[in-house]
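Structure record follows, encoded as structure tokens.
So you know, we letter chains A, B, ... as the sequences are listed, proteins then strands, and number each from 1. These values consider heavy atoms only, across backbone and side chains, with no hydrogens, waters or symmetry-generated copies.
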Amino acid sequence: MSKFRLWDLNPEQQRAATHESGPLLILAGAGTGKTRTIVARITWLVSQGVPPSGILAVTFTNKAAREMKERIAGMLDSEKASEITASTFHALCVRILRTDADKLGYKNNFSIFDQGDQLGLIKKVINRVTSHDEKVDPGLAQNMISKGKNNGWNANDETAIGAVYNRYNRELRALNAMDFDDLLVQAVKLLDEHPGVREKWRSRFRHMLVDEFQDTNNLQLRLVSLLASDDPPNVCVVGDDDQSIYGWRGAEVSNILEFEKHFRNPEIIRLEQNYRSTNTILGAANRLIKNNPRRRGKNLWSPQEGGDPVHVVCVPDDKKEAEFVVNEIGALRTANNIPWEHFAIAYRMNAQSRLLEECLRRLRIPYRLVGGKSFFDRREVKDVLATMACLINPSDDVALLRIINTPPRGIGTTTVELALEHSAKAHKSLFETLTAPEFREQVSRKTAEAIRSFGDELASRRIRLLTPGADAAHIVSQFLGESGFFDDLKRSCKTPEEALNREGGAREILRALTDHQKRSNSGLQGFLDEMMLDRERDEDKKEEAKGVTLITLHAAKGLEFPHVFLLGAEDGLIPHERSKSEGTVDEERRLFYVGITRAMKSLTITHCLHRTKFGTAMYCRPSPFLQEIEGEGVLVESYEEIVNKPVAEQDIAASFASLREMLARD
DNA sequence: ATTGGTAGTATTTTT
DNA sequence: TACTACCAAT
């Protein structure tokens, strides 16, 4: 018996949840109960007799997929719930490709390149194919390559970037590897060109639900189209064109704006009743987003009238801005007994978090920093993962390149360069090339010996690893220890504190592998897949941390906080200077809109007269968006007034109390 | 082969 | 300010 209850939903949500068949577009504004509606729809479908195994829910993040699974599990009995597929686009593609990639000339154990790996290969390729005068910026190239893949670019070798593109793709394939875009490209190709494979998956999924549809790119749309079997297709997409903020990453707002073009005669349902924010906040948001052309049009409303005014404060400089905001948070907390985790400070650029961190640390206020450099981007973590990848598959050239001289083993760049050249010519993996007797004749005796010893080490561990029931974590850990990895790690750190931290990072991965072995039998390969696609562990850790949230506007999408501070509302920051030259101010407006709509109870927006950029103070004009939100409930206040305002006696008493508490904690 | 110094550059980042 | 990429010295 399902726990699904229709009366928990408002009429529009109900209509969406109980839509019979054919395409369905749910335009779900911020805070309108989108996930609840999707989950309700899934439960409804099951209650109507749709087999759970025929339902596919696709999300962008592992976190979203996980949450969806959890919520489905709360609504259906566990057997049925576990049969429903809830997965990210990329994980779905990996699943499709792991069984049939050989039809495209890959081996099914292809390796997956994350952005770091990708950048590494791009740099290498640039050095190879471009002359010194036409050097391409690797970051830019990475961008172009991604766009190119999403749009089926057929590059010619005439231009520098075209040559890089082609060479990069050839090298990837030679390495039996795919980058994140390839996962989509190849999965689409597979389904497109192999009717057998296509039918296999089509017959499996009879109902598809896609979350955050405004963020889909060309390939993701094609993937959805290819998987949709029935006519009319049972494709239900949920999204909000006003929250499309990933255009620079290839997301096509047109997918949602022109949904009818891709799926005929859809039912379109708007969710406009907001359960998150006060009407004051929604008013500001609505006034802002109205200025965007090219949108479906939506007006968020809430039955909860009034609420605190939205404060707009101009502060002298970025340092004062941080102090002001942190002080406000402290005052609000003590005055109203609000826990730290009810506050979020949002900003455009990661660099803005520094002053805030300093300030919060000084006052001993707990905080969590979302985004920025990920645990998985830490050097030692990547090194350990690369070591594992090498042990599984020595032909994983990128992994091998990463660890071949980490720790230093006497196989330096000249040797590697030479081997790379040979391997490209012979179409052999780097490992094969290096260990071939004829290669060893071409290098010094010392180098040859270094290669031999490294190759032997790797091979012997590999054999042990392949033994059934092998303790992979132990083998890897032993290899790292004996090869001097940990010693080298410590040696390369400036402070003992950093050394401890780095070693901890490496150990953490080993521990994760141990955990994985306990709960899964997919082996080391399965573990690496999970690690590549999935930063769950990382996110979990961040979520555990309690305190004031520091977050970029991009990362804040989908989250909500009772009290939000939006910093740096300055012309040139948001909208970012670059967006103005690139003609993407609309997207910046949506970004600002996302920021505003995160707030439940109170919202304070600040902007500085001066901001230190690249070491020097620059004058800043307020963001034009500030004018657009002006209206009822938006209060422009002077900084001096607030700072000098007399503090109520009870607040003073409370401040002392909290101060004592903070000092006591130390 | 590895180290250290300096010069040039500078959003956002679900996978 | 801070990161990185490249070069020169050991």
Side-chain angles (χ1 to χ4, degrees), chain A residues 58-66 87-94 112-116 118-119 123 126-127 132 135 137-140 142-143 146 178-184 211-212 214-217 219-220 243-251 318 346-352 354-355 370-374 376-377 405-416 444 446-447 450 488 491-492 529 531-536 538-539 551-559 568 572-582 584 587-588 590-592 594-595 612-617:
Chain A
V58 193
T59 62
F60 274 84
T61 65
N62 292 305
K63 188 176 157 217
R66 185 160 32 105
S87 145
T88 65
F89 276 105
H90 294 269
L92 176 68
C93 290
V94 171
I112 301 169
F113 271 36
D114 69 16
Q115 278 188 315
Q118 188 187 25
L119 197 63
K123 281 175 190 164
I126 288 174
N127 281 333
H132 288 286
K135 58 176 190 284
D137 171 46
L140 194 76
Q142 195 174 25
N143 233 321
S146 179
M178 299 192 201
D179 61 24
F180 284 138
D181 294 309
D182 280 332
L183 294 175
L184 296 165
D211 195 13
E212 306 282 15
Q214 76 282 351
D215 293 333
T216 51
N217 61 29
L219 288 167
Q220 286 155 339
Q243 292 187 70
S244 162
I245 55 174
Y246 285 101
W248 51 274
R249 262 181 132 256
D318 45 356
Y347 38 80
R348 179 65 232 263
M349 292 191 300
N350 285 122
Q352 291 175 256
R354 258 194 69 183
L355 288 173
V370 180
K373 56 248 157 255
S374 156
F376 287 87
D377 291 332
N405 219 18
T406 311
R409 308 183 153 87
I411 310 172
T413 39
T414 35
T415 312
V416 172
S444 69
K446 212 158 128 196
T447 309
D488 179 58
R491 201 177 46 81
S492 64
D529 275 355
M531 282 292 146
M532 275 299 173
L533 288 169
D534 165 321
R535 310 200 152 189
E536 238 176 286
D538 199 27
E539 279 155 16
I551 195 166
T552 63
L553 288 166
H554 280 93
K557 195 184 69 166
L559 306 177
L573 233 196
I574 180 158
H576 196 275
E577 199 57 46
R578 207 151 143 183
S579 77
K580 296 204 279 185
S581 54
E582 285 170 4
T584 54
E587 184 156 303
E588 298 283 305
R590 292 192 288 259
L591 191 55
F592 202 60
V594 165
T612 309
K613 282 174 184 164
F614 317 136
T616 41

May I have the step-by-step check of salt bridge (Lys or Arg N to Asp or Glu O under 4.0 Å) for R348(A) and E588(A), ending in yes or no?
CA-CA 10 Å; R348(A) 179 65 232 263; E588(A) 298 283 305; 2.7 Å; yes
Within the 4.0 Å heavy-atom criterion, would you say [X] contacts the bases, only the backbone, or no part of the nucleic acid?
X: T415(A); value: sugar-phosphate
X: E588(A); value: base
X: Q352(A); value: nothing

Check every atom of [options] against the side chain of [X] and return the nucleotide holding the closest atom.
X: K557(A); options: dT12(B), dT15(B), dT14(B); result: dT14(B)
X: K123(A); options: dT15(B), dT12(B), dA5(C); result: dA5(C)
X: H576(A); options: dT12(B), dT11(B), dT14(B); result: dT11(B)
X: N350(A); options: dT14(B), dT13(B), dT15(B); result: dT13(B)
X: M349(A); options: dT15(B), dT13(B), dT11(B); result: dT11(B)

is_close_aromatic(Y246(A), H554(A)), centroid dist under 6.0 Å
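Here the rings of H554(A) and Y246(A) have centres that are less than 6.0 Å from each other.
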Between W248(A) and H576(A), is the gap from one ring center to the other below 6.0 Å?
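Judged by ring-centre distance (under 6.0 Å), W248(A) and H576(A) do not meet the cut-off.
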Protein-nucleotide distance ([X], atom [atom1]; [N], atom [atom2]), rounded to Å:
X: K580(A); N: dT11(B); atom1: NZ; atom2: P; value: 16 Å
X: N143(A); N: dT11(B); atom1: CG; atom2: P; value: 12 Å
X: N217(A); N: dT13(B); atom1: CG; atom2: P; value: 18 Å
X: H554(A); N: dT15(B); atom1: NE2; atom2: P; value: 15 Å
X: F60(A); N: dT15(B); atom1: CZ; atom2: P; value: 11 Å
X: L92(A); N: dT15(B); atom1: CG; atom2: P; value: 15 Å
X: L553(A); N: dT14(B); atom1: CG; atom2: P; value: 14 Å
X: D211(A); N: dT15(B); atom1: CG; atom2: C1'; value: 15 Å

At what distance, to the nearest 0.5 angstrom, does OG of S146(A) lie from CG of N217(A)?
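With rounding to 0.5 Å, OG (S146(A)) is 7.5 Å from CG (N217(A)).
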Mind listing the closest non-hydrogen atom pair of [X] and [Y] along with its distance?
X: N405(A); Y: G410(A); answer: OD1-N, 3.3 Å
X: G595(A); Y: L553(A); answer: CA-CD2, 3.6 Å
X: D215(A); Y: A251(A); answer: O-CB, 3.4 Å
X: I112(A); Y: L183(A); answer: CG2-CD1, 4.3 Å
X: H90(A); Y: Q220(A); answer: NE2-NE2, 4.2 Å

Below 3.5 Å is the cut-off: list the nitrogen or oxygen pairs between protein and nucleotides 6-10 of chain C, distance only.
none

Sticking with atom C1', work out how far dT12(B) lies from dA5(C), rounded to a whole angstrom.
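Between the two C1' atoms, the distance is 23 Å.
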Using the C1' atom as the point on both nucleotides, what is the distance between dC3(C) and dT14(B), in whole Å?
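The answer is 25 Å between these two C1' atoms.
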Would Q118(A) and Q142(A) satisfy side-chain hydrogen bond (donor to acceptor under 3.5 Å, both in side chains), going step by step from the backbone distance to the final call?
CA-CA 8 Å; Q118(A) 188 187 25; Q142(A) 195 174 25; 2.9 Å; yes
Relative to the 5' end of DNA chain B, which residue comes earlier, T447(A) or E587(A), by the nucleotide with the nearest heavy atom?
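The residue mapped nearer the 5' terminus is T447(A).
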Syn versus anti for dT12(B), judged by chi lying within 90° of 0?
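For dT12(B), whose glycosidic angle is more than 90° from 0, the conformation is anti.
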Give a yes/no answer on whether the side chain of T552(A) brings an N or O atom under 4.0 Å of OP1 or OP2 in dT13(B).
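Indeed, a polar side-chain atom of T552(A) lies that close.
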Judged by atom type as modelled, is there a donor-acceptor pair below 3.5 Å linking the side chain of Y347(A) to the main-chain atoms of G568(A)?
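Not confirmed, Y347(A) side chain does not pair with G568(A) backbone.
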Protein-proximity profile, nucleotides 2-10 of chain B, B/S/- by nucleotide at the 4.0 Å heavy-atom cutoff, equals SS------B
Any stacking of F89(A) on dT15(B), going by centres under 5.5 angstrom and planes within less than 30 degrees?
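No; centroid distance or tilt outside limits.
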